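Below, all heavy atoms of this structure are taken into account, side chains as well, without hydrogens, waters or symmetry copies. These figures come from a predicted structure and were not determined experimentally. Protein chains get the first letters and strands the later ones, always in sequence-line order, with residue 1 at the start of each.
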Number of protein chains: 2
Amino acid sequence: MLDHPLLRKLAALSPLSDEDRRHLTQVAAHPVAVPTRTDLIREGDTPRGVFLVLEGMACRYKILPDGNRQVLAFLIPGDFCDLDVSLLNAMDHAIGTLSPCLVVHIPTRTVGDLLDDHPGIARAMRLAALVEAATARQWLVNVGRRSCERRLAHILCEMLVRLRHVGLASDVGYDLLLTQVDLADATGMTSVHVNRSLRALRRRGLIEIQGRRIAIPDLAALEAAAEFDPRYLRHAGTDPRLRPGLRETAPPDASVFREAALPVDGA
Amino acid sequence: MLDHPLLRKLAALSPLSDEDRRHLTQVAAHPVAVPTRTDLIREGDTPRGVFLVLEGMACRYKILPDGNRQVLAFLIPGDFCDLDVSLLNAMDHAIGTLSPCLVVHIPTRTVGDLLDDHPGIARAMRLAALVEAATARQWLVNVGRRSCERRLAHILCEMLVRLRHVGLASDVGYDLLLTQVDLADATGMTSVHVNRSLRALRRRGLIEIQGRRIAIPDLAALEAAAEFDPRYLRHAGTDPRLRPGLRETAPPDASVFREAALPVDGA
DNA sequence: CGACAGATTGACTGGGTTCAACTTAAGTGG
DNA sequence: CCACTTAAGTTGAACCCAGTCAATCTGTCG
């Protein structure tokens with residue numbers, strides 16, 4: 001039961017009862033095989049539910065008028081797309097596979113039931129959505145302000161942690177089912193320059209690549225090179241062991257708001 | 001009552017009852033003045049509620065080890081931060097003012113009551129959150145795949161639409177309470193290059209700048225230069241007038257999923 | 001054995017950064 | 001009311017990171 005990626009992922013965020021687990025397992029009982037480079041949903045489509053990836057890798061992406069693609073997020077086993085998607089009547093981006101995948105489609109109604117009738121699941125899924133939002137912020141920082149080599153290192157670190165969360169990576173490496181073009185479109189680079197930057201990382205001894213396998217001989221070194229801090233990937237959760245301590249210098253008063261602010265006569 | 005930015009923004013997304021309006025007005029009754037460049041909450045802080053901006057401009061941002069800043073989103077009057085923030089125990093980014101602001105702090109508990117007891121408000125706020133997520137995706141595309149001049153044009157178009165939604169922009173322009181450094185940190189550029197690119201836009205006759213005032217003589221031209229499509233800013237909503245038609249060629253079958261997919265024996 | 005996608009490498013180019021000086025605007029206090 | 005201070009905007013020149021173009025290599029699969 002633990003090898004079910006969705007269960008692993010959600011249980012790591014918030015405790016799940018046996019009943020929750022049973023229910024989730026049932027919801028994901030009938031996956032469908034989808035070949036590489038196939039859209040699950042396109043920009044402009046009306047979402048009829050949520051997709052859940054059980055095997056393989058997919059991505060959210062947008063295509064620009066000039067044909068360029070920007071990858072917005074990678075979806076790995078255990079990932080699903082927007083909970084509140086039912087409120088929308090048109091997708092502003094597409095979701096497509098990057099490798100052969102096993103995917104489950106969960107109808108809007110089932111999602112609603114899940115959220116309404118299973119508070120434990122609802123909480124875990126809301127937390128997962130917050131982690132995804134935090135990841136999106138990291139990507140914006142990545143593309144906006146980090147050097148190309150660091151960007152790649154950062155994404156490789158991120159994928160290691162995420163894959164490990166669902167049992168798909170060892171401590172030393174993992175299979176990255178992506179092409180260098182996919183990495184380029186995710187990091188705002190050219191595939192040519194992805195290639196060169198990967199080589200640079202290889203030469204620095206930070207990674208080793210054999211086919212699709214990424215090996216990381218010295219994780220601490222790679223994380224340092226990436227300025228990677230994994231806390232955003234789990235910064236939710238009630239488990240005190242997971243509680244982050246992002247600031248080293250504890251603030252005497254949390255909010256500058258109260259100090260600096262001047263009360264004003266309201267309305 | 002309509003000049004309340006929060007009401008204008010939410011009402012545009014989903015219908016609000018008079019009672020909803022009364023309640024929201026009351027929640028935002030006691031704003032506080034906050035000077036420029038003041039943090040409302042910092043990275044690592046535990047959120048104790050939600051901030052609502054009534055006047056001025058603020059932003060979400062992150063600071064990198066080398067001191068560089070990445071702005072993740074601009075907050076304008078009517079904007080508030082994450083609803084589900086109470087699930088977190090540490091912010092992964094900071095929120096700070098970029099101009100003198102009037103801000104309301106809404107305690108976690110009040111937010112919960114609002115969401116639980118006022119379904120109309122809850123729906124509108126969930127939609128607003130989805131629009132913010134869509135905006136974040138646009139920013140990633142912006143920084144990842146658009147030329148610098150286009151990036152700036154895109155952000156200027158976006159701000160026009162958003163400010164117009166809360167009655168703070170005319171058809172021809174608005175006051176942008178940001179410095180060129182702020183724009184640079186939002187677009188992944190240098191302030192020097194922001195300056196040069198703005199000049200280029202000015203020379204092309206797409207914008208006019210006087211102090212903080214941005215005038216847009218020919219909106220269609222600017223939108224074309226930016227490849228800007230405003231639908232993501234309102235693509236939610238039940239109002240059929242707001243229903244987007246992102247694709248011009250209607251798909252015969254919405255989901256390639258069903259076509260391409262091969263059923264697989266599940267678990 | 002082709003055929004094709006993906007990876008790799010080289011040479012050249014250019015968009016955007018860096019560094020630094022200077023101007024303008026907006027306070028602030030004597 | 002003006003001298004002083006500071007933040008923001010503007011401009012030039014040199015440099016370099018990363019894109020572009022294009023050829024070649026490698027592996028895989030029918």
Q: Could you tell me whether A:Arg231 and B:Asp92 make a salt bridge, using a distance below 4.0 angstrom between a side-chain N and a carboxylate O?
A: no

Q: Side chains of A:Tyr61 and A:Asp182: do they bring a donor and an acceptor to under 3.5 Å?
A: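 Result is no, nothing qualifies.
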
Q: What does the inter-axis angle of the helix from C:dC1-D:dG30 to C:dG30-D:dC1 come out as, five pairs per end, nearest 10 degrees?
A: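 So the angle between the two local helix axes works out to 40°.
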
Q: Quick check against the 3.5 Å criterion: does B:Arg151 have a side-chain atom that pairs as donor or acceptor with the backbone of B:Thr187?
A: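 Present.
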
Q: Hey, is A:Asp39 close enough to A:Arg42 for a salt bridge, meaning N to O under 4.0 Å?
A: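 Result for this pair is yes, salt bridge flagged.
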
Q: Respond yes when some side-chain nitrogen or oxygen of A:Arg37 is under 4.0 Å from OP1 or OP2 of C:dG6, and no when none is.
A: yes

Q: In chain order, what residues pass the side-chain contact (heavy atoms from CB on, under 4.5 Å) check against B:Leu168, with sequence neighbours excluded?
A: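 Counting only residues at least two positions away or on another chain, B:Leu168 forms a side-chain contact (heavy atoms from CB on, under 4.5 Å) with B:Pro77, B:Leu163, B:Val166.
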
Q: Return the set of residues passing side-chain contact (heavy atoms from CB on, under 4.5 Å) with A:Arg150 (not counting sequence neighbours), or none when no residue passes.
A: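 side-chain contact (heavy atoms from CB on, under 4.5 Å) check on A:Arg150 returns A:Arg146, A:Ser147, A:Glu227.
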
Q: Would you mind writing out the side-chain donor-acceptor pairs for residues 198-216 of chain B within the sub-3.5 Å range, not counting sequence neighbours?
A:
unit_1   : atom_1 : unit_2   : atom_2 : d
B:Arg204 : NH1    : B:Glu149 : OE2    : 2.7
B:Arg213 : NH2    : B:Gly173 : O      : 3.4

Q: Take atom CG of A:Leu152 and atom C1' of C:dA7, then tell me their distance rounded to the nearest Å.
A: 14 Å

Q: Taking only residues two or more places apart in sequence, or in another chain, which ones meet A:Ala136 in a side-chain contact (heavy atoms from CB on, under 4.5 Å)?
A: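 Listed in chain order: nothing, the list is empty.
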
Q: Think B:Gln180 has a side-chain N or O under 4.0 angstrom from the OP1 or OP2 of D:dA7?
A: no

Q: D:dA7 P sits how many Å from B:Leu98 CG, rounded?
A: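 In whole Å, D:dA7 P and B:Leu98 CG are 16 Å from each other.
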
Q: Distance check needed: D:dA18 P versus A:Arg145 CZ, whole Å only.
A: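 Atom CZ in A:Arg145 sits about 13 Å away from atom P in D:dA18.
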
Q: Taking B:Pro35's backbone N and O only, do any of them form a donor-acceptor pair with B:Thr97's side chain (distance below 3.5 Å, no angle check)?
A: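 Yes; judged by distance alone, with no hydrogens or angles, the pair exists.
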
Q: Measure from CD on A:Glu149 to P on D:dG19 and round the result to the nearest Å.
A: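 It is 13 Å, rounded to the nearest whole Å.
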
Q: Would you mind classifying the nucleic acid contact of A:Arg151 as base, sugar-phosphate or nothing, using non-hydrogen atoms under 4.0 angstrom?
A: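 A:Arg151: no heavy atom of the nucleic acid under 4.0 Å.
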
Q: Nearest whole Å is fine: how far is D:dA7 P from B:Leu178 CG?
A: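 Checked: the CG to P distance equals 18 Å.
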
Q: Using a cut-off of strictly less than 4.0 Å between a heavy atom of the residue and any atom of DNA chain D, enumerate the qualifying residues of residues 192-212 of chain A by number.
A: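 Close to the strand are A:Val192, A:His193, A:Arg196.
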
